[in-house]
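To find a chain, count down the sequence lines: A is the first, B the second, and so on, and within it residues start at 1.
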Amino acid sequence: MGTNDKYEYKAIEQKWQQRWAQEKTDRATHRTGGKKYYVLEMFPYPSGRIHMGHVRNYSIGDVVARYKRMQGFNVLHPMGWDAFGLPAENAAMQRGIHPASWTDENIDYMRNQLKAMGLSYDWDRELATCRPDYYRWEQQLFLEMLEKGLIYRKETVVNWCDDCRTVLAREQVVDGVCWRCDQLVQPKTMHGWFFKITAYAEELLADLDILTGWPEKVVTMQRNWIGKSTGLACDFKVENSTESITIFTTRPDTIFGVTFMSLAVEHPLLKSLTADTSQEQEVNDFIRETVLAKQRATPDQETEKIGVFTGRHCINPFTGERIPIYAANFVLMEYGTGAVMAVPAHDQRDFEFARAYGLPVRVVVQPQDEQLDPATMSMAWEGPGILADSRQFSGMDSTAAQAAIIAFAEEKNFGGPHITYRLRDWGISRQRYWGAPIPVIHCGTCGIVPVPKNQLPVLLPGTDRPDGDHRPLHQQEKFFMVSCPRCGEMARRETDTMDTFVESSWYFVRYTNPSLTDHPIDEEAARYWLPVDQYIGGVEHAILHLLYARFFTKMLRDLGYLTIDEPFTNLLTQGMVIKDGAKMSKSKGNVVDPNDLIERYGADTVRLFSLFAAPPERDLEWNAQGVEGASRFLNRVYRLVHRHLDCFQNVEPIDRADLNDASRKLHRKTHQTIQRVTESIESNFHFNTAISAIMELVNLTVTLTGEQEDMHPAALKKALETILTLLFPMVPHFCEELWEASGHRHLLGSAVWPDYDREAAREEEILIVVQVNGKVRARLSVPAGTDDQALQQAALADQKISQLLENKKPKKIIVVQGKLVNIVV
RNA sequence: GCGAGAGUGGCGAAAUUGGUAGACGCACUGGACUUAGGAUCCAGCGGGCCCGGCUCAUGGGGGUUCGACUCCCCCCUCUCGCACCA
């Protein structure tokens with residue numbers, strides 16, 4: 001073997017990375033005509049270094065990008081940094097530096113890591129959300145949303161994380177603790193800014209139906225998160241009061257079974273109902289204890305249902321009946337109206353409560369096949385049935401009764417149809433430094449005054465110096481002491497920054513023209529490139545990021561920037577990289593550092609392994625020996641090509657009639673492989689099976705060229721070129737190097753994805769399975785295209801078969817063209 | 001509890017308009033070449049047996065069919081998401 005037979009990945013990868021960068025092979029240009037393809041991987045947080053999850057995510061995306069380029073698409077494949085966030089502040093505090101310098105260092109380091117992987121990004125479009133040229137446009141969008149009434153400010157009980165010293169969105173509270181630091185979340189009353197995502201609840205729900213390119217799982221999760229319920233809203237007048245209590249129910253058909261009313265402890269009426277009554281003390285004690293208990297509760301334990309009578313009553317408008325009002329620990333203020341009409345016979349929670357407090361149970365829906373008796377019931381009947389004891393509605397089917405009862409309430413003017421969503425408006429205020437400042441000013445006389453657009457950006461103070469001040473903005477007088485832009489009086493600048501999820505809600509739009517200096521969005525570029533054709537990322541963003549990005553897309557459409565309704569046509573949620581059965585994490589000590597792997601095996605080998613070990617949507621079990629296998633395969637291909645460099649001299653076209661048996665066999669396999677690889681990628685990005693198909697072709701080529709000397713050079717050349725071309729999107733440096741070594745002048749990356757010839761791919765001989773009573777008894781090799789009649793005869797004539805059959809007469813013979821013959825006796 | 005998904009060799013996995021179960025790779029075993037081999041090449045590799053053949057086998061049990069990993073019914077296990085949502 002010559003010295004050039006050694007696969008020197010290090011030199012090869014450096015060489016081609018430089019060449020691609022010089023020639024800007026991955027630059028996306030907005031050109032007229034032709035088909036565009038926008039492939040995007042979720043951009044990383046610049047935490048320090050890339051991990052195996054990134055490697056997997058970006059390898060998948062890069063194959064898609066390179067494959068689509070070879071197919072003639074005009075491909076946009078950008079990369080950037082989701083660069084605001086708390087870790088930068090924490091790191092800055094620890095090291096006495098500024099979050100900006102920590103972030104910039106990380107970005108520089110990680111960019112080099114990504115470049116070392118040979119990912120085909122258009123680096124000219126790189127953006128970092130912490131830079132003023134990004135967040136100033138976000139501030140402008142904020143102001144435009146504010147003008148449109150899509151943002152408002154209110155005082156609410158928020159989720160407060162003491163550790164991070166900030167408010168969290170509901171989506172960022174996981175099992176009652178902070179998603180970042182696992183600190184128990186506390187309720188706190190504060191003012192904050194809210195995006196009116198609920199204004200889009202209906203559209204966000206309805207458009208899930210058109211997301212046919214999304215995993216069912218993600219669509220379902222979003223649907224549940226939006227949580228639409230339809231039913232009746234209805235007023236119950238409070239006795240001896242002008243107040244009334246509004247309830248929401250999805251079961252209006254049970255309204256004649258109401259025997260009491262339950263209020264959440266946070267319900268605004270609760271305190272006034274008991275004020276100056278003998279119950280006041282007891283109710284207030286209950287409220288205090290319940291609030292405390294809710295804080296202490298661990299998420300998955302169901303607490304006992306307890307409550308306290310308020311001493312007051314309200315009137316069921318349907319019956320005129322007087323019913324007691326309770327405060328109860330299981331009623332949620334956040335859902336519906338915070339007041340629940342209690343129907344013990346038909347709601348399990350109400351049932352348990354009623355039994356505990358000796359309240360009446362009244363059956364008003366009788367199921368089909370049994371007769372419920374309140375005295376003997378051991379649990380509520382929540383299913384459908386026929387209405388009983390419900391005045392004019394008695395005898396109706398429960399489904400029909402729901403509509404009739406809502407209509408009745410509407411007619412009598414004490415209620416009507418109502419829709420409730422689980423989805424809440426998105427609280428975006430954060431009391432931290434390292435985020436985009438919210439561009440408004442609070443003036444004592446003018447109220448809330450938007451920062452004039454020509455004064456944007458509202459810059460984060462201190463970013464101009466590596467040791468600059470990065471205390472939270474409300475501690476920086478120089479920042480918040482301003483004069484009102486409207487009246488000129490002393491005023492206070494808003495000191496909250498935006499949730500970092502705001503940045504990631506529109507970055508994919510900004511990529512279409514990230515250097516635009518006078519507008520947030522280049523409408524023409526956005527029209528050309530959007531929507532994103534293929535989005536790839538972890539399933540952990542199924543709700544948070546993907547819902548926010550959908551919301552932003554619809555809102556930006558309504559602000560006139562976009563013409564699309566949905567941002568991501570196809571979504572691929574890749575599985576986690578796991579080791580020893582657990583997700584790789586520092587705390588478990590099972591992380592594999594991509595740097596070490598690239599150093600030891602080269603980027604191409606690492607890419608190949610991560611694509612080969614599992615289909616993309618499934619979890620990938622890390623296996624060091626599997627990487628060896630990938631490396632071995634590439635070395636094998638490297639030697640194979642170098643051994644047969646001379647065949648590339650051939651310029652004759654292939655005439656199949658001229659090929660000997662072995663050459664024809666190889667030629668056939670070549671075309672079959674093109675077909676299999678193309679179909680694997682097209683159908684579901686199952687690169688693992690694509691790679692295995694290429695391995696088969698490589699194996700056959702090695703075998704045939706080893707066995708015989710007289711392989712037709714044209715067939716061999718076609719096989720080798722096909723191997724390199726099909727493998728290119730996965731292991732680009734490697735293939736480009738061999739492509740050049742075999743005398744090609746143009747870059748393989750700009751080559752065209754091969755077509756397969758059905759004729760050439762067709763088998764000449766096919767294997768027919770002969771079954772007797774469904775069991776395989778023999779295999780026959782017959783010429784392709786043998787007709788059913790001949791197949792049947794050949795099967796019956798087979799020695800083994802005729803022996804087995806002896807003299808039994810076949811009852812039935814089933815022939816499947818090109819596949820099998822089944823003889824039933 | 002509700003919702004979604006998944007269960008195939010020692011391991012990662014292939015195969016679905018129902019038609020040879022285990023492609024491809026890892027690990028392992030034997031052999032070749034070698035001073036050496038953790039390189040390379042060749043062969044074997046689900047279980048059982050009276051092994052050149054037969055038989056069992058795709059979480060378990062039933063069903064449909066000439067034929068079921070694939071379709072239908074029941075059950076078990078695991079993963080993920082949501083969870084007192086009125």
No-hydrogen, no-angle side-chain donor-acceptor test under 3.5 Å, A:Ser631 and A:Tyr9:
no
Does A:Arg636 have a side-chain nitrogen or oxygen under 4.0 Å from the phosphate oxygens OP1 or OP2 of B:C41?
yes
Counting only side-chain N and O atoms of A:Arg632, is one of them less than 4.0 Å from OP1 or OP2 of B:C26?
yes
Side-chain N,O (A:Arg618) to OP1/OP2 (B:A14) below 4.0 Å:
yes
So does A:Ser229 get a side-chain nitrogen or oxygen closer than 4.0 Å to the phosphate oxygens (OP1/OP2) of B:A86?
yes
Sugar-phosphate only, base, or nothing, as touched by A:Val331 at under 4.0 Å among non-hydrogen atoms:
base
Checking side chain to side chain donor-acceptor pair (under 3.5 Å) between A:Glu617 and each of A:Gln574, A:His686, A:Lys217, which is the one that passes?
A:His686
Any N or O donor-acceptor pair under 3.5 Å from the base of B:G19 to the side chain of A:Gln771?
yes
Counting the atoms with a prime plus P, OP1 and OP2 as sugar-phosphate, which does A:Gln348 contact under 4.0 Å by heavy atoms, base, sugar-phosphate, or nothing?
nothing
So what's B:A36 paired with, Watson-Crick or G-U wobble, going by both distances under 3.5 Å?
none
Between B:U70 and B:U20, how far is it from one P atom to the other, in whole Å?
13 Å
For B:G9, is chi within 90° of 0 (syn) or not (anti)?
syn
Need to verify one output field. Residue with the more 5' nearest nucleotide on RNA chain B, A:Val539 or A:Leu820?
A:Leu820
Over all strands shown, is A:Pro215 touching base, sugar-phosphate only, or nothing at heavy-atom distances under 4.0 angstrom?
nothing
Would you say a side-chain N or O of A:Lys812 is under 4.0 Å from OP1 or OP2 of B:C66?
yes
Counting any heavy atom closer than 4.0 Å, what does A:Gly227 reach on the DNA or RNA strands: base, sugar-phosphate only, or nothing?
nothing
Pick the nucleotide of RNA chain B nearest each of A:Thr249 and A:Ile814; which residue has the one closer to the 5' end?
A:Ile814
For the side chain of A:Arg779, starting at C-beta, report the closest nucleotide among B:A86, B:U20, B:C84.
B:U20
Nucleotide forming a Watson-Crick or wobble pair with B:G3, both distances under 3.5 Å:
B:C80
B:G1 and B:G48: how far apart are their C1' atoms, nearest whole angstrom?
45 Å
Is there a donor-acceptor contact under 3.5 Å linking the side chains of A:Arg422 and A:Asn224?
no
Using purine N1 to pyrimidine N3 plus N6-O4 or O6-N4 for Watson-Crick, or N1-O2 and O6-N3 for G-U wobble, each under 3.5 Å, what pairs with B:C66?
B:G19
My understanding is that a pair needs two contacts under 3.5 Å, Watson-Crick or G-U wobble. By that rule, which nucleotide pairs with B:G30?
B:C42
Nearest-neighbour nucleotide for the A:Phe612 side chain, B:C84, B:C24, B:G19 considered:
B:C24
For A:Leu767, which contact category applies under a 4.0 Å heavy-atom criterion: base, sugar-phosphate, or nothing?
base
Does A:His267 have any ring-ring contact (aromatic ring centres under 6.0 Å, His included) partners at least two apart in sequence or in another chain, and if so, which?
none
Can you find a side chain N or O atom of A:Asn699 that sits less than 4.0 Å from OP1 or OP2 on B:G25?
yes
Donor on one side chain, acceptor on other, A:Thr689 and A:Ser680, under 3.5 Å:
yes
Pairing check on B:G25: which nucleotide meets the Watson-Crick or G-U wobble criteria with it, both distances under 3.5 Å?
B:C11
On a whole-Å scale, what distance lies between the P atoms belonging to B:C75 and B:U29?
46 Å
OP1 or OP2 of B:A14 versus the side-chain N and O atoms of A:Asn688: is any pair under 4.0 Å?
yes
Considering Watson-Crick and G-U wobble pairs with both distances under 3.5 Å, what does B:U58 pair with?
none
Could you go through A:Glu621 and A:Lys579, starting from their C-alpha distance and side-chain angles, then the distance that decides it, and tell me whether this counts as salt bridge (charged side-chain N to carboxylate O under 4.0 Å, His left out)?
CA-CA 6 Å; A:Glu621 172 75 39; A:Lys579 189 166 174 252; over 6 Å; no
Sort me out a list of protein N/O and nucleotides 47-57 of chain B N/O pairs below 3.5 Å, or just none if empty.
residue, atom, partner, partner atom, Å
B:U55, OP2, A:Arg777, NH1, 3.2

Look at the side chain of A:Tyr335 and decide which nucleotide, out of B:G3, B:G19, B:C85, has an atom nearest to it.
B:C85
Report yes if a side-chain nitrogen or oxygen of A:Arg422 is closer than 4.0 Å to either non-bridging phosphate oxygen (OP1 or OP2) of B:A83; otherwise report no.
yes
Quick one: label A:Phe633 by what it contacts on the DNA or RNA (base, sugar-phosphate, nothing), any heavy atom closer than 4.0 Å.
nothing
Nucleotide paired to B:G52 in any strand shown, Watson-Crick or G-U, under 3.5 Å
none
Describe the nucleic acid contact of A:Asp350 in one word from base, sugar-phosphate, nothing, applying a heavy-atom distance below 4.0 Å.
nothing
Mind calculating the distance between CZ (A:Phe330) and P (B:A83) to the nearest angstrom?
19 Å
Supply the atom-to-atom distance A:Phe734 CZ to A:Thr605 OG1, rounded to the nearest 0.5 angstrom.
8.5 Å
When you check the side-chain N and O atoms of A:Asp425 and A:Thr198, is any donor under 3.5 Å from an acceptor?
yes
Looking only at atom C1', what distance separates B:A27 and B:A13, rounded to whole Å?
14 Å
Roughly how many Å apart are B:G44 and B:U35, using the P atom of each and rounding to a whole number?
28 Å
Set of ring-ring contact (aromatic ring centres under 6.0 Å, His included) partners for A:His671, sequence neighbours left out:
A:His667
May I ask you to check whether A:Asn316 and A:Glu321 show a side-chain donor-acceptor distance below 3.5 Å?
no
Considering only atom C1', compute the distance from B:C24 to B:G38 and round it to an integer number of Å.
23 Å
Is A:Arg223 near enough to B:G81 that one of its side-chain N or O atoms lies under 4.0 angstrom from OP1 or OP2?
no
Whole-angstrom distance between B:G59 and B:C78, as gauged at atom C1':
10 Å
Looking at every strand, decide which applies to A:Val824 at a 4.0 Å heavy-atom threshold: base, sugar-phosphate, or nothing.
sugar-phosphate
Which nucleotide in the list B:G19, B:C26, B:G12 gets nearest to the side chain of A:Gln625?
B:C26
Could you tell me whether the side chains of A:Gln672 and A:Glu763 share a donor-acceptor contact shorter than 3.5 Å?
yes
Quote, to the nearest angstrom, the C1' distance that separates B:U8 from B:C56.
15 Å
